[in-house]
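Written out below as structure tokens is the structure these notes cover.
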Amino acid sequence: MRKNDEYFMKKALNIAFQARSAGNEPFGAILVKDDEVIMIGENKINTLCDPTHHAEIGLIRKFCTEHNIFDLCQYSLYTSCEPCVMCSGAMVWSKLGKIVYSVSHDQLAKIAGSNIMISCKEVFDKSPQKPVVVEKILNEEGLKVFEEYKF
């Protein structure tokens, strides 16, 4: 199978299903460099009793700490849902090169109710670091992850 955005998004969506099965919120992410999965991350806010342990920020924290790196400009992050403001900020601070997501904030709000709905693009537009953003990859499959989900 050719490794493209759809290939990596399938992996991120599977991780989101795993997070949901483990009693956490249905968010999953993977970090990719040179067409290889470098690290996975899943939402663990309930498991760790940490409201900040979103899939994306948990992955970025762990990878940067373990590898003593602050610059992820050569990396891509695939995530089941458009990143929140907090996770988008972490992407800016880590200089992430590319973000790919499946479900948009607007779609999530229709399913789960509204929350802090500031798009990642809005955060990136006001930041010195502007990752490439690819939206709604495998969107129909991504929406299935969030069926019956509520904030």
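In what follows, residues are counted from 1 in the order of the sequence shown.
Contact check for K11 versus V37: side-chain heavy atoms found under the 4.5 Å cut-off. Within the 4.5 Å cutoff, the side chain of E36 has heavy atoms near those of the K3 side chain. At least one side-chain heavy atom of M39 sits less than 4.5 Å from a side-chain heavy atom of E66. Side-chain contact between C84 and H54 is present, with heavy atoms from C-beta onward closer than 4.5 Å. No side-chain heavy atom of S102 sits under 4.5 Å from any side-chain heavy atom of I137. Using a 4.5 Å heavy-atom cutoff, the side chains of L77 and L59 are in contact. Using a 4.5 Å heavy-atom threshold, the side chains of C120 and V133 count as touching.
More than 12 heavy atoms of other shown residues, nucleotides or ligands fall within 6.0 angstrom of atom NZ in K130. Counting non-hydrogen atoms of other residues, nucleotides and ligands closer than 6.0 Å to CD of Q74 gives a total of 12 or fewer.
When only modelled atom types and interatomic distance are considered, R61 and T52 share a side-chain donor-acceptor pair under 3.5 Å. A donor-acceptor pair shorter than 3.5 Å cannot be found between the side chains of E82 and S104.
In the hydrophobic clustering of ILVMFWY residues, with side-chain heavy atoms under 4.5 Å counting as a link, I57 and F124 come out apart.
Between atom CG of residue N24 and atom NZ of residue K44 there is a gap of 8.0 Å, rounded to the nearest 0.5 Å. Atoms NZ and CD, from K121 and E135 in turn, are 3.5 Å apart once rounded to the nearest 0.5 Å. Atoms CE and OG, from M9 and S80 in turn, are 8.0 Å apart once rounded to the nearest 0.5 Å.
Ring centers of F27 and F17: at least 6.0 Å apart, outside the cut-off.
With respect to the salt-bridge test (charged N to carboxylate O, under 4.0 angstrom), the residues K98 and D5 qualify.
Between F8 and Y78, the angle of the ring planes lies from 30° to 60°, which puts this pair in the tilted group.
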